[in-house]
Structure formats: C-alpha cells, structure tokens
Amino acid sequence: MDGTDLLRAELVRAAQSLGAPADVVPVLERPRDPSFGDWATNLAMVLAKPLGRKPRDLAAALIERIDKSRAGISSAEIAGPGFINFRVSADVFSEGLRALIAAGEQYGRTNAGQGCPVNVEFVSANPTGPLHVGHGRQAALGDAITSLLAASGWKVTREFYYNDAGAQIMNLALSVQARVRQLGGVEAAMPEGGYHGEYIRDLAQRYIDEHSSDPNADALDAVRRFAVRELRKEQDLDLQAFGVKFDVYFLESSLYSDGRVEATVERLVAAGHTYQKDGALWLKTTDYGDDKDRVMRKSDGTYTYFVPDVAYHVTKWERGFTRAINVQGADHHSTVTRVRIGLQALDIGIPEGYPEYVLHQMVTVMRGGDEVKISKRAGSYVTVRDLIDEVGRDAVRYFFLMRKGDSQLVFDVDVARSQSDENPVYYIQMAHARMSGIFRVGEIDASSVTGVDADLSVLSLPEEQELMKALLDYPALVAGAAEALEPHRIATYLHDTAGKAHLWYHKAHVLNEPDHLMRARLVLARATQLVLRNGLQLLGITAPERM
RNA sequence: GCGCCAGUAGCUCAGUUGGAUAGAGCAACAGCCUUCUAAGCUGUGGGUCGGGGGUUCGAUUCCCUCCUGGCGCGCCA
C-alpha cells in the first residue's frame, strides 16, 4: 500500500542470496533527515554479525543484487555505519496518490480484524452523579479506540456497564432521602459516605414535586429507582453532547436477577478454587499468582464487587466476544488481576489475557491556579458538560486524545478556555478547511478529481514531496495505532501532517497556475483533504469545510 | 513494604517497538497579508533525555539499581 512491499521483497531476495536466513524481515523506516532519502534500512547492520561481514561491505553487496525497477526505487546508497538509503521512483508516489483518492473514505481502512467480534467497554460510570472530567478522557479514548478497531476490520460492539446494584446505589438513595426530608423541614442526617453534590438536592426537589404521596421519601426503593433513572438520563445527555454512542447498556442488577452471580460462584466452588474462612467464602487467587486470596462472599452474605464483574465477563465470552477490551482509569488497576483470575478459575476455556485492559492515568483539573479535588461525595468536580460548554466538543476530544493514555493529564480549565483559539485541533481543522477552500473558490467538484489525467511528476517541490510521503504513511499509521490501541498516534500524525499541508499551501498556489501544474496540485489538495478528514473522523472530531 | 504508570527545552508533551545532528505546540524575541482563509508562514534562542551501572557496532528506547511524583494494595466499588 505504501509502496514498501516491493522494496521489502527485493531486500529479502538479495539478503537470502547472500546467505541470510529465510525468515529475515527487513525493517524500513523514514530517515530522520529527509535529505537522506525516502526510506532507510538497517538490514546490513543486522546481518553483519550472523554473516560475518562488515556492515558497509554487506550493504554494497545488497545494493548490487537489488533490481531497482522491481523494487520501485530510483537510487540506493550506503550511509553512516551501514544504512542503506533509498529514493523512491516518482511513479510510486503518483500511483500511491491515485490509489489514495480512489479509496476515498476507505483510505486507511484495512481488514486486519477480518470481521471478528470485539467488545469494547468504556465509561461505565456509576449512576450516582454526572460524568466528570475523568469520564471525559475515557469517553474520548474508548470512542477513538472503537473507531480504530472498526477501521481495521473488527466488528465492534460498544458497551456501557452500569453498576446499579451495589452499596453505592444504596448510598445514593439514602442521600436523596435525607435531602428530601431536610427540604420538608425534618431533621435528617446524610448517610456516612453519602453524596453531597448540589445535584442531590435538585433530585430531592424533583422527587418531592413528582411524588406528592411520599413527602418524606419513605419509599426508599422508589427513591432509588427515581434517582438512578434521572441520573442515567443526565449521563445520556452528557454522552450525547460529547457525540458518544453505545450499542449495549449492560445492567449489573441483571446479573443478580438472572442468577448469573450465583451460577458463577457455584462454578468456582465446583472447580475447587474456593474455601470457607471466618464466615466468608474465599477464592484461591494465590494459585494464579496473586499475593493474597480474595473474599468472594462476605460474612454478611453479600458479594464483593469482583464476583459480579467475573459473571459479567463470562457473558461477554458467551455472547461470542473472543476479544474484549476494557478502557478504565488506572485507579481500577487492581481489578485487572482479579477479574482475569476469576475467569481462569472457572475452567471454561477463557484465555489467560482475557479481557485486555487499556488503563489511562488520572486527570487532574486546575482551575484558578489550584487543583480541583474531584470527589463526587464532596460534590466538587468539573463535568464533561462544563468542558464542552467552555471549549467545544472538538477541542475537548482532541485535548483528551493528544497524549498517551498512560501519562497523567492536567486539564487546566482556564487555559483551555482562554487559549481555545490556539488549540491544536483548530490547526488541523484549518488545514482541512484550506484544502476545501481551494475547490470552493475554484468552483471545482473535489470528488471529480481522480488524478488519472494528471502528470503528477510535476509535484517536485520539497514541500510537495514531504506532504505526499506523509499522506502515503497514513494506512500504516492507522494499522499501528489500532494494534497498539493508541489513538494519540493519530492525533500526533494529524498535527504533523496539517503542518506539512500549511507549509505547502503557503509555498505553492493551486488555482491560476498553468493547467498541467494546477491539475497535479488539485490531486494533492484532494488527497490531503481526504486524509485529514479520515483521520479526524477516527478521533470523532469534525472536519469543517470552512472556518 | 509490594505492584502498576510516569520523569525528555521555561511550560504541556511526541519520539515510528534499538538507529544517523533528540522533535512539536505554547511562552520569548525578530520578520511576512494586492494572489486559493494571517486560526497561517519564516527565522532566533533554549537539552548532563531524573542519577548511576550494564547489554552491543549503536540506548531516550532493553536489563539492574537508586531518587522523585501519581495510582492501587479492604469481608469498599
């Protein structure tokens, strides 16, 4: 696709004729300095030792045995300690651009996943309050990961797991109940570990308005159902504002009503991995490398959180998801081992690394120069909605995606707001808008540009060469990002490529140039527009035609 | 004490799975709008890649060790 297949094949042939093993895989990479060429390989240095020859001699021998026209290169030279630098022949670029445009919205998509099902679970916030900034990171990350997987040929199911059955929910109900009573002039204490946010008071007021027959909120179960329903509605609105959609909402409570929690426990007992101690039921996680055994059923008869978690993941497996990915905050790190061990101990054929986890580090929020301590119970946090209202959906998404998940993220609300015009996302969108502007001003239908009738060898400016190289790198980049589950690579690439596009735009005119030049440059503009658009779409960011 | 993650320019971060002279944005300074969008472009300054060992042709990248920060380590979720 990016033209390296032919070159790689030639290198393998040449290396084998010199005695290299049959499974040799030459690594091709872009030289740091573009003046060195289009591709470089360290093959001669890698083979030097096993073949007992000097790297530079070996490089010379390799070059001699390569059929340049078959490899699609115009030159090959030895550099430094034994690198071989290649220059790609012009028609590789030309054909690459035409193929890019022909693929259109499909450019960058592959069938690596071969239609296999994969379940991606993310956000999974407890319905005990609005979505905060940490959920925002997870929503952006999870959403982009599902897009990457879908673009790589996986059949993706996007799932949201609601913990609507635990002690937290009881806390929520009791908190609302206390507020209802307080509003009615009755003295009532908040429960220990209760939720103190302002939204609890709002919920209480609405409960009073809608339940005139229960002024003191004595019907605790009704309070619980009301609070959960209302908060889920709120969360749905937050997600909608962020443009994130799910295919499946899975309720923890259903695991109990279906008897799946019980069945899981019975299965673990039957498999012989449990024992009784101190009135509780324990799982022998130490058999699987944990540092201590874990309680499954407490002495009061209720289950610890990881038991329904295990039961839940059994349903993923039984629903046919041979691959499952969980996007979670690093504070849930300790669940990884336990859920996996629980699944192993069931002895039902679930593979060891199931499910996969993408853990992202914590988000700290700065406001007015101070860190905002995020605590739902204390009622201090920044919601996803706040961020979207303040800086816009596209910018919030980009901000959350521009760095690796496993580095901590400082979200300075003041900076995000005051510098919203300088947010890098606008830089990328602007590059796309500029490409679109060329077609608009020239009154040319962009989709009519194919490149088949243009001589693309006139795209010889260094800025044009650099831009073309970047555009042709895109499919390999998407594949790599999807495999590593790292959307930030797309963000970095887009920023970089947008820079090359701006540079070219500034240097070279398209319209009102001699016809043959204009036709060729329209092809490049079209290709750039498509790549930026496709990449932004993977991140869930809009690609405006004008700004 | 144990486990996971991080430490790269004044700040926020990339670094293509071990390559050549370590990059970008912001901030600072100096320039560029009669031509498809100046939300742009050009130039300048700025680094013991946390410290120390090791592995090899070659280390920001892999291994060991120490230091610093974050998150976990519950019959909470």
Side-chain angles (χ1 to χ4, degrees), chain A residues 27 29-33 36 40-42 45-46 48-49 54-55 79-83 85 126 128 163 165-169 171 193 252 277-282 290-292 294-306 308-309 329-337 359-362 364 399 402-410 412 415 419-431 433-442 444 473 476-477 480-481 484 488-489 491-493 495-496 498-499 501-503 505-513 518 521-522 525 546-547:
Chain A
V27 174
E29 56 189 8
R30 297 290 193 192
R32 199 181 296 279
D33 185 338
F36 289 162
T41 185
N42 62 355
M45 288 181 285
V46 174
K49 194 168 233 182
K54 290 181 182 167
F83 289 101
N85 292 329
N126 289 355
T128 54
N163 289 103
Q168 304 293 342
I169 298 300
N171 249 329
E252 181 189 9
K277 194 182 90 180
D278 302 334
L281 181 66
W282 297 68
D290 204 355
D291 54 348
K292 56 180 117 165
R294 307 291 171 178
V295 169
M296 294 169 58
R297 188 170 55 215
K298 296 179 266 181
S299 49
D300 67 2
T302 61
Y303 295 105
T304 55
Y305 74 95
F306 87 95
D309 267 6
D331 54 339
H332 288 80
H333 159 256
S334 63
T335 72
V336 175
T337 337
L359 297 181
H360 64 84
Q361 294 295 315
M362 299 291 90
T364 53
F399 203 104
M402 64 191 286
R403 25 193 93 160
K404 266 192 309 216
D406 49 15
S407 58
Q408 285 164 235
L409 182 74
V410 178
D412 189 322
V415 170
Q419 296 190 344
S420 63
D421 284 356
E422 288 160 16
N423 191 303
V425 72
Y426 295 111
Y427 183 80
I428 300 168
Q429 290 179 317
M430 185 61 190
R434 279 181 149 177
M435 297 302 124
S436 306
I438 293 170
F439 295 103
R440 186 176 58 247
V441 172
I444 297 161
D473 278 346
L477 180 99
H488 80 277
R489 295 193 194 183
T492 307
Y493 167 85
H495 192 262
D496 194 51
H502 283 302
L503 208 68
Y505 182 90
H506 185 257
K507 183 86 173 205
H509 268 258
V510 177
L511 303 176
N512 304 319
E513 292 287 321
M518 183 181 87
R521 286 182 174 166
L522 281 171
R546 62 200 308 171
M547 296 180 73

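Note on naming: letters A, B, ... go to the chains in the order of the sequence lines (proteins, then strands), and numbering restarts at 1 for each one.
Within the 4.0 angstrom heavy-atom criterion, base atoms lie near H509(A). Nucleic acid contact class of A508(A) (heavy atoms, under 4.0 Å, all strands): base. Contacts of K54(A) with the nucleic acid, taken as non-hydrogen atoms under 4.0 Å apart, are absent. Residue G480(A) is classed as having no contact, given no heavy-atom separation below 4.0 Å to the nucleic acid. Base engagement by N85(A) is indicated by at least one non-hydrogen atom pair under 4.0 Å involving a base atom. Here A433(A) lies in heavy-atom contact (under 4.0 Å) with a base. In this structure, A79(A) reaches the bases: a heavy-atom distance under 4.0 Å links it to at least one base atom across the strands shown. Base contact: F36(A) has a heavy atom under 4.0 Å from a base atom. Within 4.0 Å of Y505(A), counting heavy atoms only, lies at least one base atom of the nucleic acid. Residue contacts for R297(A): at a heavy-atom cut-off of 4.0 Å it reaches no nucleic acid atom on any strand shown. Within the 4.0 angstrom heavy-atom criterion, only backbone atoms of the sugar-phosphate kind lie near L503(A); the bases stay farther away. No engagement by N512(A) is indicated, since no non-hydrogen atom pair under 4.0 Å with the nucleic acid exists.
For C41(B), the OP1/OP2 oxygens have a side-chain nitrogen or oxygen of Y427(A) closer than 4.0 Å. Considering only side-chain N and O atoms, S436(A) lies nowhere under 4.0 angstrom from the phosphate OP1 or OP2 of C36(B). Between K298(A) and the phosphate of C76(B), there is a side-chain N or O to OP1/OP2 separation shorter than 4.0 Å. Using a 4.0 Å cut-off, some side-chain N or O of H488(A) falls inside it from OP1 or OP2 of G15(B). Contact annotation: K292(A) side-chain N/O to G74(B) OP1/OP2 distance is under 4.0 Å.
H502(A) contributes a side-chain N or O that, together with a main-chain N or O of Y427(A), makes up a donor-acceptor pair within less than 3.5 Å. D300(A) places a side-chain N or O within donor-acceptor distance of the main-chain N or O of T302(A), the cut-off being under 3.5 Å. When atom types are taken as modelled, the side chain of R521(A) and the backbone of H509(A) share a donor-acceptor pair closer than 3.5 angstrom. Panel note: side chain T304(A), backbone V295(A); a donor-acceptor pair is recorded below 3.5 Å.
Contact check for N42(A) versus F83(A): side-chain heavy atoms found under the 4.5 Å cut-off. Side-chain contact between F399(A) and V425(A): absent, with no pair of heavy atoms (C-beta onward) separated by less than 4.5 Å.
Look at CD on Q429(A): it is 14 Å from C1' on U37(B), rounded to the nearest Å. At whole-Å resolution of the value, CE in M435(A) and P in A39(B) are 15 Å apart. In this entry the distance linking CZ of R30(A) with C1' of G19(B) reads 17 Å, nearest Å. Rounded to whole Å, atom P of G70(B) lies 19 Å from atom CG of L359(A). One interatomic measurement links the two molecules: OH of Y303(A) to C1' of C75(B), which rounds to 14 Å at whole-angstrom precision. In this structure, CG of D291(A) is placed 12 Å from C1' of G1(B), rounded to the nearest angstrom.
For A40(A), the listed nucleotide lying nearest its side chain is A20(B); candidates were A39(B), U17(B), A20(B). Side-chain atoms of H506(A) lie closest to G40(B) of the nucleotides U37(B), C57(B), G40(B). For N163(A), taking side-chain heavy atoms from C-beta onward, the closest of the listed nucleotides A6(B), A77(B), U17(B) is A77(B). For H333(A), taking side-chain heavy atoms from C-beta onward, the closest of the listed nucleotides C36(B), G40(B), G3(B) is G3(B). The side chain of Y426(A) has A39(B) as its nearest neighbour among A39(B), G19(B), C76(B). For V441(A), the listed nucleotide lying nearest its side chain is U37(B); candidates were U37(B), U42(B), G19(B). Residue R434(A) places its side chain closer to U37(B) than to any other of U37(B), C57(B), C71(B). Closest to the N42(A) side chain, of the nucleotides C36(B), C41(B), G19(B), is G19(B).
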Go ahead and write out RNA chain B as dot-bracket, 5' to 3': ( ) for pairs within the strand, [ ] for ones crossing earlier pairs, | when the partner sits on another strand, dots for unpaired; Watson-Crick or G-U wobble, both distances under 3.5 Å. (((((((..((((.....[...)))).(((((.......))))).....(((((..]....))))))))))))....

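G3(B) and C64(B) have their P atoms separated by 11 Å, with the value rounded to a whole Å. With both ends at atom P, the span from G69(B) to U8(B) equals 14 Å, rounded to whole Å. Rounded to a whole angstrom, the distance from the P atom of G50(B) to that of A6(B) is 12 Å. Across G10(B) and G51(B), the matching P atoms stand 14 Å from one another, rounded to whole Å. Nucleotides G43(B) and G54(B) have their C1' atoms positioned 43 Å apart, rounded to a whole Å. U17(B) and C41(B) have their C1' atoms separated by 35 Å, given to the nearest Å. Comparing C63(B) with U16(B), their C1' atoms sit 23 Å apart, to the nearest whole Å. Comparing the C1' positions of G23(B) and G15(B) gives a spacing of 7 Å, expressed to the nearest Å.
Taking D496(A) as the reference, K500(A) meet the salt bridge (charged side-chain N to carboxylate O under 4.0 Å, His left out) condition, with sequence neighbours excluded.
Applying the 3.5 Å distance criterion, the base of A77(B) shares no donor-acceptor pair with the side chain of D331(A). In terms of polar N and O atoms assigned as donor or acceptor, the side chain of S299(A) comes within less than 3.5 Å of the base of C75(B) in a complementary pairing.
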Within the sub-3.5 Å range, which N or O atoms of nucleotides 7-12 of chain B have a protein N or O partner, and how far apart are they?
{"from": "U12(B)", "atom 1": "O2'", "to": "R403(A)", "atom 2": "NH1", "distance (Å)": "3.3"}
{"from": "U12(B)", "atom 1": "O2'", "to": "R403(A)", "atom 2": "NH2", "distance (Å)": "2.3"}

